[in-house]
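Structure, as structure tokens:
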Amino acid sequence: MRRFLFLGVLLAMVLSLVTPSVAKAEDDITGHFFEEDMRTLIEKGILKGYGDNTYKPEESVNRAEFTAFLVRSLEIELQASGDYSVAGVSESPSYSDVDPENDWFYSAVTAASNQGLVNGYPNGEFKPNKEISRQEMAVMIVRATDLKGVVSEKDPLNFTDKEDIHDDYIESVQRLTNLGIINGKVKDGKSYFDPMASTTRGQTSGVINRMLKIIEPPAPTKYEVATLEQGKEPAVSGEYDTFEQAKSKTTGSQVVMKGNKILWIKDGAVVSNKFTNIYTSDALTTAATYVTSGIEMKYLGATEEYVKVQIADTIGYVKADSVNLKPTHMVKDKSYYLSKNGLLYHKVYNAITERNYSYVYGPAPDFMTEGSKYYSWNGSTFYDANGKEAGTAHQYFNRMPLYTETQYTAEQLDAFIESARPGSPLIGQGVSFKKAEEEFGVNAMYFLSHAILESYWGESKIAKDKNNLFGINATDDNPYENARSYESYEAGILEAAESFIVPGYFDDENWKFAGAHLGNKSTGMNIRYASDPYWGQKIASFMYSMDTYLSKEFNMEPEYGKHDLAKTLVDKINVRSEAKVSKGNDLYKLSKKGITVQVLEKVEADGTWYKIAPKNILTRDVQDAYVYSHGGSYGTLLETLNIAK
């Protein structure tokens, strides 16, 4: 049986959770059995006192308090996309008995829910004041160790009362017993787990401190070469003093481990275990983009300090402690794309929570076989189950310039909302989205789709209470309280367009700019707007659904694929008022490689030019705009995108 030999763990194996009486001295934990554990958590800011120099070690812990302890222990509460953008992430599912305005634990419960550490009850309640049972604590601790990539097996249960443990919690108890994090109570020479018993603040401190020692084992720890199999103890073939020594001794699918953390694999999956920066170099100083937890990235290699990864078309480096590694033969599932009835479904899998969901991205590319699985890192280049490239095709709304105008009227936009979500507070706001389009150059169909995703059709608490449909300033550390308030939906819509979307993501002078299209983690708004790498794809999905419904309902030509799209191949391409190079006819520049333009017409004049939809947010009076495409001495400057149809 694999054991991680820390002094605290060894002591925990034999201790009973029956606590001796408290010795009164400097404060109420001096001399307490769990004093050392409690002081450790106090120093780390995990355990907080009551303001009168007391910590109440014998006080029972409720679900809200334990959730807060866990979130602080894992340092996930203050990780926020707001570090990069004034626009926050979407609100997490709410609980009917958790008040964002008045409950101190709201942020912790929100963060823990987002990470899959806690769940509510079927009736929609969280029951924050309910004393947490030992079996509930076990399952939450296991989720925390899974989040951090801890390897553990299931020990046989020898507790006298093992039949009293609920079926849903048995595996968690087995795994925590294996790790030595939580153990039984000894009474009359027999061991009991006592699954329904509550725990005190002192006992909880002991459990959490042991968990932290497992997640971050104290030095010195040998580097181990191990063979892993599902449901079995890691088979260690050797121990070494350095990472490089251990790596050099691996064969086949063996891994390098330190404690119970996998540091290196030959091939397999790498998954973020918290808000994770993807850095431009192994110096780990400058971030190119970032992702939330549970996101799979392509594994390109690892050292003890960093893991080299690919997300979309971006190759970068992440800190080793921010991701979990799993060798190929241990991977249970992964995200994929599927062609079904002519539509492209994206099935997204979270390897940490082992949850999945799906959405329709748009039409399936014609090179896909109905019912077959395809894999893609960027949502446009697809590979079959054997790793063979099947083809490349982009989704129109994901790459369409978002400063272009939609043909749909305010009334038609409202008609879509009413058909898709009857009773949505967004019904009637079509006029506000069209006003934003007319005044600030934000495509109304895109902007409405963005609001739908961020505000859950206008039904999130932030949207309803603060008229804030886009999560502006709703940072993860305190989303409800920090979110901006507006007098009306229209005021919030116009402010978001004027002050955040247009200057932040359409203006190439802003550091956030990477193309005025939705994109992914390599191009467009998604690089710096949201930590969800599929944020842009999901908005494109709503746009496709809206366009499909409205074009049929009102007998109009769909906007999907209506125009060709092309991307820039180099930086700093001039957009001109006529299809020729002439002094003074340059309007503005397409500043970066990878920017998408909407092609209105192909023009042959001293080479090939494209007449494009002008970026009218900068040049309101511009009617015609042309870009040199290829031919002559300039080479090829733009490339037409293959659109899935």
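We number each residue from 1, following the sequence as shown.
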Side chain of [X], backbone of [Y]: donor and acceptor closer than 3.5 Å?
{"X": "Arg201", "Y": "Tyr55", "value": "yes"}
{"X": "Ser424", "Y": "Trp457", "value": "yes"}
{"X": "Asn324", "Y": "Leu147", "value": "yes"}
{"X": "Lys615", "Y": "Ala516", "value": "no"}
{"X": "Ser455", "Y": "Ala463", "value": "no"}
{"X": "Gln310", "Y": "Trp377", "value": "no"}
{"X": "Gln412", "Y": "Thr409", "value": "yes"}
{"X": "Ser460", "Y": "Tyr456", "value": "no"}
{"X": "Ser449", "Y": "Met445", "value": "yes"}
{"X": "Asp547", "Y": "Met543", "value": "no"}

Do the non-hydrogen side-chain atoms of [X] and [Y] ever get within less than 4.5 Å of each other?
{"X": "Phe69", "Y": "Met140", "result": "no"}
{"X": "Asn273", "Y": "Ser293", "result": "no"}
{"X": "Thr276", "Y": "Tyr290", "result": "no"}
{"X": "Ile141", "Y": "Leu70", "result": "yes"}
{"X": "Pro128", "Y": "Asp97", "result": "yes"}
{"X": "Phe470", "Y": "Ile501", "result": "no"}

Does [atom1] belonging to [X] count more than 12 external heavy atoms closer than 6.0 Å?
{"X": "Glu553", "atom1": "CD", "value": "yes"}
{"X": "Lys589", "atom1": "NZ", "value": "yes"}
{"X": "Lys572", "atom1": "NZ", "value": "no"}

Determine, using ring centers only, whether [Y] and [X] are less than 6.0 Å apart.
{"X": "Phe397", "Y": "Tyr560", "result": "yes"}
{"X": "His346", "Y": "Tyr359", "result": "yes"}
{"X": "His450", "Y": "Tyr529", "result": "yes"}

Among Glu136, Glu125, Glu65, which one satisfies salt bridge (charged side-chain N to carboxylate O under 4.0 Å, His left out) with Lys130?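 With Lys130 as partner, salt bridge (charged side-chain N to carboxylate O under 4.0 Å, His left out) holds for just one option, Glu136.
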Verify the distance criterion only: is there a donor paired with an acceptor across the side chains of [X] and [Y] at less than 3.5 Å?
{"X": "Asn378", "Y": "Asp313", "result": "yes"}
{"X": "Glu559", "Y": "Thr406", "result": "yes"}
{"X": "Tyr317", "Y": "Thr280", "result": "no"}
{"X": "Asp99", "Y": "Asn102", "result": "yes"}

Indicate the atoms forming the closest heavy-atom contact of [X] with [Y], along with that distance.
{"X": "Asn526", "Y": "Gly536", "answer": "OD1-N, 3.0 Å"}
{"X": "Asp414", "Y": "Leu426", "answer": "OD1-O, 4.0 Å"}
{"X": "Lys466", "Y": "Ala483", "answer": "NZ-O, 3.2 Å"}

Step-by-step side chain to side chain contact (heavy atoms under 4.5 Å, CB included) determination, Tyr396 to Gln598: CA-CA 10 Å; Tyr396 184 81; Gln598 186 182 79; 3.4 Å; yes
